[in-house]
*Asks:* 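Have a look at this one before I ask anything.
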Amino acid sequence: MRMPLALVPALVPALAAGLAVVGLAGAALAHGPTPQKIDQSIVIAAPPEAVWTVVGDFGGIGRWHPDVAKAEASGGNVEGTTRRVTLKAGGTLVEGLDEWLADGRTYSYRMSDPDLKALPVSSYSATLTVTPDGTGSKVSWIGRFYRGDTGNEPPENLSDEAGRAAMNRYFADGLKGLKAAVEGRTTH
Amino acid sequence: MRHLRLIAALAVATAAGITAGTAAASAAGDPVWVVSQQGAELARIEAGTVAGRIPLGPAPVAAATDRAGRLYLTHPDGRAVTVVAPGEPPRRLPVPEQAFGLAASPDGAHLYVGDWSGDRVLKIAAATGAVEGAAAVGRDPAHLVLDRRGRLYVADRESRQVSVIDTGTMARVAVVPTGEAPFALALAPDEASLYVANVRSGDLTVIDTATLRARATVPAGRMPYGVAVTGDGSRILVTNQHAAAVTVIDTARLEIVATVAVGPYPEGIAVAGPLAYVANWFSDDVSVIDLAAWRETARIKVAEGPRTVLAVGEPAR
(Lines give C-alpha, C1' and ligand atoms only; values in the text may rest on other atoms or scores of the structure.)
Protein backbone atom coordinates (compact mmCIF):
# COMPACT_ATOMS: atom_id res chain seq x y z
CA MET A 1 0.00 0.00 0.00
CA ARG A 2 2.03 2.94 -1.19
CA MET A 3 0.44 6.29 -0.80
CA PRO A 4 3.10 8.86 -1.53
CA LEU A 5 2.50 12.45 -0.64
CA ALA A 6 2.26 13.27 -4.35
CA LEU A 7 -1.15 11.64 -4.37
CA VAL A 8 -2.72 14.21 -2.14
CA PRO A 9 -3.02 16.93 -4.79
CA ALA A 10 -4.63 14.40 -7.13
CA LEU A 11 -7.36 13.83 -4.59
CA VAL A 12 -8.03 17.42 -3.80
CA PRO A 13 -10.27 18.21 -6.79
CA ALA A 14 -12.41 15.17 -6.11
CA LEU A 15 -12.81 16.06 -2.46
CA ALA A 16 -12.94 19.80 -2.59
CA ALA A 17 -16.62 19.95 -3.36
CA GLY A 18 -17.80 18.54 -0.09
CA LEU A 19 -14.93 19.17 2.26
CA ALA A 20 -14.09 21.73 4.85
CA VAL A 21 -10.44 22.76 4.67
CA VAL A 22 -9.74 21.33 8.08
CA GLY A 23 -10.44 17.81 6.86
CA LEU A 24 -7.94 17.86 4.02
CA ALA A 25 -4.77 17.17 5.92
CA GLY A 26 -5.84 13.70 6.89
CA ALA A 27 -8.27 13.08 4.10
CA ALA A 28 -6.24 10.85 1.85
CA LEU A 29 -4.11 8.98 4.30
CA ALA A 30 -5.66 8.82 7.71
CA HIS A 31 -6.30 5.55 9.43
CA GLY A 32 -7.77 7.05 12.54
CA PRO A 33 -11.40 6.52 11.55
CA THR A 34 -13.29 3.29 11.72
CA PRO A 35 -12.07 0.55 9.39
CA GLN A 36 -14.89 -1.27 7.64
CA LYS A 37 -15.31 -4.96 7.03
CA ILE A 38 -16.30 -6.82 3.88
CA ASP A 39 -17.20 -10.48 4.32
CA GLN A 40 -18.75 -12.28 1.37
CA SER A 41 -18.87 -15.80 0.05
CA ILE A 42 -20.57 -17.90 -2.58
CA VAL A 43 -21.01 -21.63 -3.18
CA ILE A 44 -20.03 -22.90 -6.61
CA ALA A 45 -20.95 -26.27 -8.11
CA ALA A 46 -17.43 -27.20 -9.19
CA PRO A 47 -14.42 -28.71 -7.47
CA PRO A 48 -12.00 -26.26 -5.80
CA GLU A 49 -9.26 -26.90 -8.35
CA ALA A 50 -11.58 -25.92 -11.20
CA VAL A 51 -12.59 -22.73 -9.39
CA TRP A 52 -8.99 -21.90 -8.53
CA THR A 53 -7.98 -22.30 -12.17
CA VAL A 54 -10.33 -19.45 -13.01
CA VAL A 55 -10.06 -17.18 -9.97
CA GLY A 56 -6.46 -17.89 -8.93
CA ASP A 57 -4.85 -15.93 -11.73
CA PHE A 58 -4.35 -12.50 -10.14
CA GLY A 59 -4.18 -10.70 -13.46
CA GLY A 60 -7.15 -12.58 -14.89
CA ILE A 61 -9.94 -10.87 -12.94
CA GLY A 62 -11.30 -9.47 -16.19
CA ARG A 63 -12.28 -12.99 -17.25
CA TRP A 64 -14.82 -13.44 -14.47
CA HIS A 65 -15.69 -10.07 -12.83
CA PRO A 66 -18.63 -8.52 -14.70
CA ASP A 67 -17.79 -4.95 -13.56
CA VAL A 68 -14.29 -5.11 -15.04
CA ALA A 69 -13.62 -3.74 -18.51
CA LYS A 70 -10.00 -4.88 -18.61
CA ALA A 71 -7.20 -5.96 -16.32
CA GLU A 72 -3.48 -6.24 -16.81
CA ALA A 73 -0.79 -7.55 -14.47
CA SER A 74 2.85 -6.52 -14.25
CA GLY A 75 3.95 -10.11 -13.75
CA GLY A 76 2.93 -13.59 -12.68
CA ASN A 77 1.24 -14.80 -9.51
CA VAL A 78 4.01 -13.80 -7.15
CA GLU A 79 4.30 -11.32 -4.29
CA GLY A 80 4.91 -7.83 -5.61
CA THR A 81 2.95 -8.18 -8.85
CA THR A 82 0.64 -5.26 -9.56
CA ARG A 83 -2.61 -5.40 -11.48
CA ARG A 84 -4.43 -2.48 -13.07
CA VAL A 85 -8.15 -3.12 -13.15
CA THR A 86 -10.21 -0.74 -15.28
CA LEU A 87 -13.88 -0.72 -14.41
CA LYS A 88 -16.72 -0.48 -16.90
CA ALA A 89 -18.22 2.34 -14.85
CA GLY A 90 -14.92 4.24 -14.96
CA GLY A 91 -11.85 4.47 -12.80
CA THR A 92 -8.89 2.15 -12.33
CA LEU A 93 -7.93 0.06 -9.33
CA VAL A 94 -4.21 -0.49 -8.88
CA GLU A 95 -3.65 -3.46 -6.60
CA GLY A 96 -0.49 -5.18 -5.33
CA LEU A 97 -0.30 -8.90 -4.67
CA ASP A 98 0.95 -9.57 -1.13
CA GLU A 99 0.63 -13.32 -0.95
CA TRP A 100 -0.38 -16.07 -3.39
CA LEU A 101 -0.59 -19.65 -2.16
CA ALA A 102 -1.59 -22.36 -4.63
CA ASP A 103 -1.66 -24.97 -1.85
CA GLY A 104 -4.14 -22.96 0.18
CA ARG A 105 -5.93 -21.69 -2.96
CA THR A 106 -5.78 -18.18 -1.56
CA TYR A 107 -4.32 -14.81 -2.37
CA SER A 108 -4.14 -11.46 -0.60
CA TYR A 109 -3.69 -8.05 -2.12
CA ARG A 110 -4.09 -4.39 -1.28
CA MET A 111 -4.91 -1.16 -2.99
CA SER A 112 -1.84 0.78 -4.13
CA ASP A 113 -3.35 4.14 -5.11
CA PRO A 114 -6.83 5.37 -4.28
CA ASP A 115 -9.16 6.16 -7.19
CA LEU A 116 -12.37 7.58 -5.77
CA LYS A 117 -14.03 7.31 -9.16
CA ALA A 118 -13.53 3.53 -9.17
CA LEU A 119 -14.41 2.94 -5.50
CA PRO A 120 -15.09 5.65 -2.89
CA VAL A 121 -12.50 4.35 -0.42
CA SER A 122 -9.07 5.60 0.64
CA SER A 123 -7.45 2.19 1.13
CA TYR A 124 -8.29 -1.48 1.33
CA SER A 125 -6.82 -4.94 1.55
CA ALA A 126 -8.55 -8.21 0.71
CA THR A 127 -8.13 -11.97 0.66
CA LEU A 128 -9.84 -14.43 -1.66
CA THR A 129 -9.90 -18.11 -0.68
CA VAL A 130 -11.36 -21.23 -2.31
CA THR A 131 -12.27 -24.14 -0.01
CA PRO A 132 -14.09 -27.45 -0.57
CA ASP A 133 -17.81 -27.44 0.16
CA GLY A 134 -19.41 -30.88 -0.24
CA THR A 135 -18.71 -31.86 -3.84
CA GLY A 136 -18.39 -28.21 -4.80
CA SER A 137 -16.52 -25.18 -3.54
CA LYS A 138 -16.97 -22.15 -1.39
CA VAL A 139 -15.26 -18.93 -2.33
CA SER A 140 -14.80 -16.35 0.40
CA TRP A 141 -13.71 -12.81 -0.34
CA ILE A 142 -12.99 -10.72 2.74
CA GLY A 143 -11.42 -7.35 3.26
CA ARG A 144 -10.87 -4.20 5.25
CA PHE A 145 -11.18 -0.67 3.97
CA TYR A 146 -11.41 2.98 5.04
CA ARG A 147 -13.96 5.44 3.70
CA GLY A 148 -13.06 7.82 0.88
CA ASP A 149 -12.78 10.86 3.12
CA THR A 150 -11.28 9.97 6.46
CA GLY A 151 -11.79 13.44 7.94
CA ASN A 152 -14.31 14.04 10.67
CA GLU A 153 -17.22 15.17 8.51
CA PRO A 154 -17.11 13.20 5.26
CA PRO A 155 -19.53 14.16 2.49
CA GLU A 156 -22.22 11.59 1.86
CA ASN A 157 -20.53 10.13 -1.23
CA LEU A 158 -17.30 9.45 0.69
CA SER A 159 -18.79 8.21 3.98
CA ASP A 160 -18.51 4.81 5.66
CA GLU A 161 -21.95 4.02 4.30
CA ALA A 162 -21.02 4.90 0.71
CA GLY A 163 -17.83 2.84 0.98
CA ARG A 164 -19.70 -0.17 2.36
CA ALA A 165 -22.32 -0.01 -0.38
CA ALA A 166 -19.74 0.25 -3.17
CA MET A 167 -17.37 -2.39 -1.82
CA ASN A 168 -20.16 -4.85 -1.08
CA ARG A 169 -21.60 -4.37 -4.55
CA TYR A 170 -18.20 -4.85 -6.17
CA PHE A 171 -17.49 -8.05 -4.22
CA ALA A 172 -21.02 -9.45 -4.72
CA ASP A 173 -20.98 -8.75 -8.46
CA GLY A 174 -17.60 -10.44 -8.70
CA LEU A 175 -18.64 -13.58 -6.86
CA LYS A 176 -21.82 -13.90 -8.92
CA GLY A 177 -19.79 -13.46 -12.09
CA LEU A 178 -17.24 -16.02 -10.93
CA LYS A 179 -19.99 -18.54 -10.22
CA ALA A 180 -21.49 -17.98 -13.66
CA ALA A 181 -18.09 -18.25 -15.35
CA VAL A 182 -17.14 -21.47 -13.58
CA GLU A 183 -20.50 -23.24 -13.67
CA GLY A 184 -21.08 -22.21 -17.27
CA ARG A 185 -17.77 -23.74 -18.23
CA THR A 186 -18.19 -26.98 -16.28
CA THR A 187 -21.71 -27.70 -17.51
CA HIS A 188 -20.86 -27.26 -21.17
CA MET B 1 0.01 -26.94 36.34
CA ARG B 2 -2.44 -25.29 34.01
CA HIS B 3 -5.18 -25.64 36.66
CA LEU B 4 -3.07 -24.12 39.36
CA ARG B 5 -2.38 -21.18 37.12
CA LEU B 6 -6.02 -20.63 36.46
CA ILE B 7 -6.93 -20.80 40.12
CA ALA B 8 -4.22 -18.33 40.96
CA ALA B 9 -5.43 -16.07 38.22
CA LEU B 10 -8.98 -16.19 39.49
CA ALA B 11 -7.89 -15.34 43.00
CA VAL B 12 -5.91 -12.36 41.81
CA ALA B 13 -8.68 -11.16 39.56
CA THR B 14 -11.31 -11.39 42.25
CA ALA B 15 -9.23 -9.57 44.80
CA ALA B 16 -8.03 -6.88 42.46
CA GLY B 17 -11.24 -5.99 40.67
CA ILE B 18 -11.06 -2.92 38.52
CA THR B 19 -8.36 -1.29 40.60
CA ALA B 20 -5.71 -3.91 39.74
CA GLY B 21 -2.38 -2.17 40.08
CA THR B 22 1.15 -3.05 39.17
CA ALA B 23 1.95 -5.43 42.01
CA ALA B 24 0.41 -8.50 40.43
CA ALA B 25 2.13 -8.02 37.07
CA SER B 26 3.78 -11.41 37.13
CA ALA B 27 0.69 -13.44 38.03
CA ALA B 28 -0.85 -15.58 35.31
CA GLY B 29 -4.02 -14.23 33.83
CA ASP B 30 -3.51 -10.59 34.72
CA PRO B 31 -6.59 -8.77 33.49
CA VAL B 32 -6.54 -6.95 30.20
CA TRP B 33 -8.98 -4.54 28.61
CA VAL B 34 -10.05 -4.89 24.99
CA VAL B 35 -11.50 -1.98 23.03
CA SER B 36 -13.96 -2.83 20.24
CA GLN B 37 -14.39 0.04 17.82
CA GLN B 38 -17.54 -0.93 15.92
CA GLY B 39 -19.11 -2.64 18.93
CA ALA B 40 -18.35 0.45 21.06
CA GLU B 41 -17.48 -1.66 24.05
CA LEU B 42 -14.73 -2.15 26.58
CA ALA B 43 -14.32 -5.78 27.65
CA ARG B 44 -12.35 -6.87 30.70
CA ILE B 45 -10.73 -10.26 30.24
CA GLU B 46 -9.69 -12.26 33.27
CA ALA B 47 -8.56 -15.87 33.45
CA GLY B 48 -9.47 -16.56 29.86
CA THR B 49 -12.98 -15.18 29.88
CA VAL B 50 -14.83 -11.89 29.54
CA ALA B 51 -15.40 -10.82 33.14
CA GLY B 52 -17.04 -7.49 32.45
CA ARG B 53 -18.29 -5.22 29.69
CA ILE B 54 -18.62 -1.45 29.65
CA PRO B 55 -20.62 0.15 26.81
CA LEU B 56 -19.01 3.29 25.39
CA GLY B 57 -19.84 6.07 22.96
CA PRO B 58 -19.39 5.34 19.25
CA ALA B 59 -16.12 4.07 17.76
CA PRO B 60 -13.48 4.08 20.53
CA VAL B 61 -9.96 3.15 19.37
CA ALA B 62 -6.84 3.80 21.42
CA ALA B 63 -6.57 3.40 25.18
CA ALA B 64 -4.26 4.36 28.02
CA THR B 65 -4.30 3.88 31.76
CA ASP B 66 -2.88 5.63 34.83
CA ARG B 67 -1.62 4.51 38.23
CA ALA B 68 -5.11 4.63 39.75
CA GLY B 69 -6.42 2.23 37.12
CA ARG B 70 -8.45 4.83 35.24
CA LEU B 71 -8.83 4.15 31.56
CA TYR B 72 -8.82 6.73 28.80
CA LEU B 73 -10.12 6.04 25.29
CA THR B 74 -10.12 8.10 22.11
CA HIS B 75 -13.02 8.52 19.67
CA PRO B 76 -11.45 9.92 16.48
CA ASP B 77 -14.81 10.29 14.75
CA GLY B 78 -16.48 11.78 17.81
CA ARG B 79 -14.13 14.55 18.98
CA ALA B 80 -13.97 12.96 22.39
CA VAL B 81 -12.04 11.01 25.00
CA THR B 82 -13.88 8.73 27.39
CA VAL B 83 -12.64 8.47 30.98
CA VAL B 84 -13.52 5.29 32.86
CA ALA B 85 -12.69 5.57 36.56
CA PRO B 86 -13.06 2.54 38.82
CA GLY B 87 -16.60 2.35 40.14
CA GLU B 88 -17.86 5.32 38.12
CA PRO B 89 -19.87 5.57 34.92
CA PRO B 90 -17.85 6.51 31.80
CA ARG B 91 -17.35 10.25 31.43
CA ARG B 92 -17.09 11.99 28.04
CA LEU B 93 -14.41 14.62 27.63
CA PRO B 94 -14.77 16.73 24.48
CA VAL B 95 -11.45 17.23 22.67
CA PRO B 96 -10.69 19.34 19.62
CA GLU B 97 -10.37 17.57 16.28
CA GLN B 98 -9.50 13.96 15.56
CA ALA B 99 -8.07 12.31 18.67
CA PHE B 100 -6.41 9.00 17.85
CA GLY B 101 -3.37 7.96 19.90
CA LEU B 102 -3.12 8.93 23.56
CA ALA B 103 -1.07 8.59 26.71
CA ALA B 104 -1.84 9.52 30.31
CA SER B 105 0.49 10.90 32.96
CA PRO B 106 0.90 8.34 35.80
CA ASP B 107 -1.05 10.54 38.22
CA GLY B 108 -3.90 10.90 35.74
CA ALA B 109 -3.66 14.70 35.70
CA HIS B 110 -2.72 15.13 32.03
CA LEU B 111 -3.62 13.42 28.81
CA TYR B 112 -1.53 13.61 25.66
CA VAL B 113 -3.71 13.22 22.62
CA GLY B 114 -2.60 12.99 19.01
CA ASP B 115 -4.74 15.04 16.64
CA TRP B 116 -4.61 12.88 13.50
CA SER B 117 -5.78 15.47 11.02
CA GLY B 118 -4.20 18.45 12.80
CA ASP B 119 -0.63 17.06 12.92
CA ARG B 120 -0.10 17.99 16.54
CA VAL B 121 -0.26 16.59 20.05
CA LEU B 122 -2.42 18.25 22.64
CA LYS B 123 -1.84 18.28 26.38
CA ILE B 124 -5.21 18.14 28.09
CA ALA B 125 -6.29 18.40 31.73
CA ALA B 126 -7.96 15.06 32.41
CA ALA B 127 -10.33 16.58 34.94
CA THR B 128 -11.77 19.32 32.75
CA GLY B 129 -10.69 18.66 29.17
CA ALA B 130 -9.01 22.06 29.03
CA VAL B 131 -6.19 22.29 26.49
CA GLU B 132 -3.00 23.05 28.43
CA GLY B 133 -0.54 23.00 25.56
CA ALA B 134 0.24 21.68 22.11
CA ALA B 135 3.22 20.54 20.09
CA ALA B 136 3.47 20.35 16.32
CA VAL B 137 4.48 16.92 15.06
CA GLY B 138 4.67 15.23 11.65
CA ARG B 139 1.81 14.19 9.42
CA ASP B 140 -0.90 11.88 10.76
CA PRO B 141 0.30 11.19 14.33
CA ALA B 142 -0.69 7.60 15.17
CA HIS B 143 0.13 5.97 18.51
CA LEU B 144 2.02 7.68 21.34
CA VAL B 145 3.87 6.42 24.36
CA LEU B 146 5.09 8.23 27.48
CA ASP B 147 8.22 7.22 29.36
CA ARG B 148 8.87 7.54 33.10
CA ARG B 149 10.86 10.74 32.60
CA GLY B 150 7.88 12.41 30.97
CA ARG B 151 9.13 12.19 27.42
CA LEU B 152 6.50 11.49 24.81
CA TYR B 153 7.19 9.53 21.63
CA VAL B 154 4.82 10.03 18.71
CA ALA B 155 4.64 7.85 15.57
CA ASP B 156 4.23 10.37 12.74
CA ARG B 157 2.78 7.94 10.26
CA GLU B 158 3.03 9.88 7.03
CA SER B 159 6.33 11.58 7.88
CA ARG B 160 8.34 8.38 8.41
CA GLN B 161 9.54 9.56 11.79
CA VAL B 162 9.02 9.54 15.53
CA SER B 163 8.69 12.92 17.21
CA VAL B 164 10.02 13.20 20.75
CA ILE B 165 8.32 15.73 23.02
CA ASP B 166 9.27 17.03 26.45
CA THR B 167 5.88 17.05 28.14
CA GLY B 168 7.03 19.60 30.71
CA THR B 169 7.50 22.30 28.10
CA MET B 170 5.58 20.63 25.22
CA ALA B 171 8.62 21.32 23.03
CA ARG B 172 9.68 18.85 20.38
CA VAL B 173 13.22 17.88 21.33
CA ALA B 174 14.01 15.42 18.54
CA VAL B 175 12.80 13.80 15.34
CA VAL B 176 14.00 10.28 14.61
CA PRO B 177 13.62 8.81 11.08
CA THR B 178 11.94 5.38 10.89
CA GLY B 179 10.70 2.99 8.22
CA GLU B 180 7.68 3.72 6.07
CA ALA B 181 4.43 4.52 7.93
CA PRO B 182 5.31 4.09 11.62
CA PHE B 183 2.12 3.31 13.51
CA ALA B 184 2.51 1.44 16.82
CA LEU B 185 5.12 1.97 19.56
CA ALA B 186 6.37 0.07 22.58
CA LEU B 187 9.07 0.86 25.12
CA ALA B 188 11.37 -1.83 26.48
CA PRO B 189 10.80 -2.42 30.22
CA ASP B 190 14.08 -0.62 30.99
CA GLU B 191 13.07 2.15 28.54
CA ALA B 192 16.50 2.03 26.87
CA SER B 193 14.87 1.12 23.56
CA LEU B 194 11.75 2.20 21.75
CA TYR B 195 10.31 -0.24 19.20
CA VAL B 196 8.45 1.22 16.25
CA ALA B 197 6.28 -0.90 13.95
CA ASN B 198 6.36 0.40 10.36
CA VAL B 199 3.17 -0.54 8.54
CA ARG B 200 4.18 -0.13 4.91
CA SER B 201 7.84 -1.16 4.96
CA GLY B 202 7.04 -4.26 7.02
CA ASP B 203 9.77 -3.69 9.54
CA LEU B 204 10.61 -2.56 13.04
CA THR B 205 12.80 0.42 13.91
CA VAL B 206 14.72 0.23 17.18
CA ILE B 207 15.42 3.65 18.67
CA ASP B 208 18.05 4.15 21.33
CA THR B 209 16.30 6.45 23.81
CA ALA B 210 19.59 7.75 25.23
CA THR B 211 20.94 9.03 21.90
CA LEU B 212 17.53 9.41 20.20
CA ARG B 213 18.89 7.71 17.10
CA ALA B 214 17.64 4.66 15.23
CA ARG B 215 19.89 1.73 16.11
CA ALA B 216 18.47 -0.70 13.56
CA THR B 217 15.54 -1.40 11.29
CA VAL B 218 14.76 -5.10 10.90
CA PRO B 219 12.11 -7.19 9.10
CA ALA B 220 8.98 -7.71 11.19
CA GLY B 221 6.42 -9.38 8.88
CA ARG B 222 3.58 -8.24 6.67
CA MET B 223 1.92 -4.99 7.73
CA PRO B 224 3.07 -4.62 11.35
CA TYR B 225 0.17 -2.99 13.15
CA GLY B 226 0.80 -3.59 16.84
CA VAL B 227 3.85 -4.09 19.04
CA ALA B 228 4.50 -5.22 22.61
CA VAL B 229 7.50 -6.38 24.64
CA THR B 230 7.71 -9.28 27.07
CA GLY B 231 8.11 -8.44 30.75
CA ASP B 232 11.76 -9.55 30.77
CA GLY B 233 12.48 -7.47 27.68
CA SER B 234 13.82 -10.44 25.71
CA ARG B 235 11.21 -10.62 22.97
CA ILE B 236 9.27 -8.14 20.86
CA LEU B 237 5.86 -9.22 19.58
CA VAL B 238 4.58 -7.69 16.35
CA THR B 239 1.12 -8.29 14.92
CA ASN B 240 1.08 -8.77 11.14
CA GLN B 241 -2.24 -7.46 9.96
CA HIS B 242 -1.91 -9.03 6.52
CA ALA B 243 -0.64 -12.40 7.65
CA ALA B 244 -2.96 -13.30 10.55
CA ALA B 245 0.15 -13.81 12.62
CA VAL B 246 2.39 -12.44 15.34
CA THR B 247 6.12 -12.37 14.67
CA VAL B 248 8.40 -12.80 17.65
CA ILE B 249 11.70 -10.92 17.53
CA ASP B 250 14.67 -11.61 19.78
CA THR B 251 15.77 -8.25 21.22
CA ALA B 252 19.45 -9.16 21.39
CA ARG B 253 19.78 -10.60 17.88
CA LEU B 254 17.00 -8.48 16.36
CA GLU B 255 15.82 -11.44 14.29
CA ILE B 256 12.47 -13.14 13.93
CA VAL B 257 12.68 -16.29 16.05
CA ALA B 258 9.06 -17.48 15.87
CA THR B 259 5.76 -16.82 14.15
CA VAL B 260 2.47 -17.47 15.94
CA ALA B 261 -0.73 -17.88 13.92
CA VAL B 262 -3.66 -15.80 15.25
CA GLY B 263 -7.00 -14.55 13.86
CA PRO B 264 -7.54 -12.49 10.71
CA TYR B 265 -6.43 -8.83 10.67
CA PRO B 266 -4.72 -8.78 14.08
CA GLU B 267 -4.03 -5.30 15.44
CA GLY B 268 -3.41 -4.35 19.09
CA ILE B 269 -1.34 -6.60 21.35
CA ALA B 270 -0.47 -6.54 25.05
CA VAL B 271 1.62 -8.72 27.34
CA ALA B 272 0.19 -9.68 30.72
CA GLY B 273 2.56 -11.88 32.70
CA PRO B 274 3.13 -15.16 30.83
CA LEU B 275 0.45 -14.44 28.23
CA ALA B 276 -0.05 -12.10 25.32
CA TYR B 277 -3.44 -11.01 24.05
CA VAL B 278 -4.07 -10.04 20.43
CA ALA B 279 -7.11 -8.19 19.08
CA ASN B 280 -8.29 -9.95 15.92
CA TRP B 281 -10.13 -7.13 14.20
CA PHE B 282 -11.88 -9.20 11.54
CA SER B 283 -13.05 -12.19 13.58
CA ASP B 284 -14.18 -10.15 16.60
CA ASP B 285 -12.14 -12.11 19.09
CA VAL B 286 -8.93 -12.04 21.09
CA SER B 287 -6.15 -14.59 20.70
CA VAL B 288 -4.38 -15.72 23.86
CA ILE B 289 -0.71 -16.59 23.30
CA ASP B 290 1.25 -18.70 25.77
CA LEU B 291 4.65 -16.99 25.92
CA ALA B 292 6.42 -20.17 27.08
CA ALA B 293 5.09 -22.39 24.28
CA TRP B 294 4.83 -19.58 21.69
CA ARG B 295 1.44 -20.70 20.44
CA GLU B 296 -2.17 -19.60 20.52
CA THR B 297 -4.04 -21.37 23.30
CA ALA B 298 -7.49 -19.77 23.15
CA ARG B 299 -9.75 -17.30 21.41
CA ILE B 300 -12.16 -15.15 23.36
CA LYS B 301 -15.16 -13.57 21.66
CA VAL B 302 -15.58 -9.80 22.08
CA ALA B 303 -17.72 -7.06 20.52
CA GLU B 304 -17.26 -6.14 16.85
CA GLY B 305 -14.01 -4.65 15.61
CA PRO B 306 -11.49 -5.07 18.47
CA ARG B 307 -8.39 -2.94 17.81
CA THR B 308 -6.70 -2.26 21.13
CA VAL B 309 -5.62 -4.39 24.08
CA LEU B 310 -4.40 -2.80 27.29
CA ALA B 311 -2.81 -4.67 30.19
CA VAL B 312 -3.90 -3.03 33.42
CA GLY B 313 -0.93 -4.51 35.25
CA GLU B 314 1.39 -2.43 33.09
CA PRO B 315 2.85 0.72 34.54
CA ALA B 316 0.77 3.64 33.36
CA ARG B 317 2.09 5.12 30.16
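Quick note on labels: first sequence line is chain A, next is B, and so on, each numbered from 1. In this text the structure is predicted, and so the values were computed from the model without any measurement.
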*Asks:* Pick from A:Gln36, A:Lys37, A:Glu99: which one has the most heavy-atom pairs with chain B under 4.5 Å?
*Replies:* A:Lys37

*Asks:* Does NZ in B:Lys301 sit with more than 12 non-hydrogen atoms of other residues, nucleotides or ligands closer than 6.0 Å?
*Replies:* yes

*Asks:* Could you give the distance from CZ (B:Arg79) to CD (A:Glu153), rounded to the nearest 0.5 Å?
*Replies:* 4.5 Å

*Asks:* Is the number of heavy atoms from other residues, nucleotides or ligands under 6.0 Å of B:Arg91 CZ greater than 12?
*Replies:* yes

*Asks:* Can you confirm whether B:Met223 sits close enough to A:Ser125 that some side-chain heavy atom of one is under 4.5 Å from a side-chain heavy atom of the other?
*Replies:* no

*Asks:* Any chance CD of B:Glu304 has more than 12 other-residue heavy atoms, nucleotides or ligands included, within less than 6.0 Å?
*Replies:* yes

*Asks:* Output the distance between atom CD1 (A:Ile142) and atom OH (B:Tyr265), rounded to the nearest 0.5 Å.
*Replies:* 5.5 Å

*Asks:* So does B:Arg222 pair up with A:Glu79, basic N to acidic O under 4.0 Å?
*Replies:* no

*Asks:* Has A:Lys117 got more than 12 heavy atoms of other residues, nucleotides or ligands less than 6.0 Å from its NZ?
*Replies:* no

*Asks:* For A:Gly151 and B:Gln98, work out which heavy atoms get closest and say how close.
*Replies:* C-NE2, 4.0 Å

*Asks:* If you count the non-hydrogen atoms of other residues, nucleotides and ligands that lie under 6.0 Å from CZ in A:Arg84, is the total more than 12?
*Replies:* no

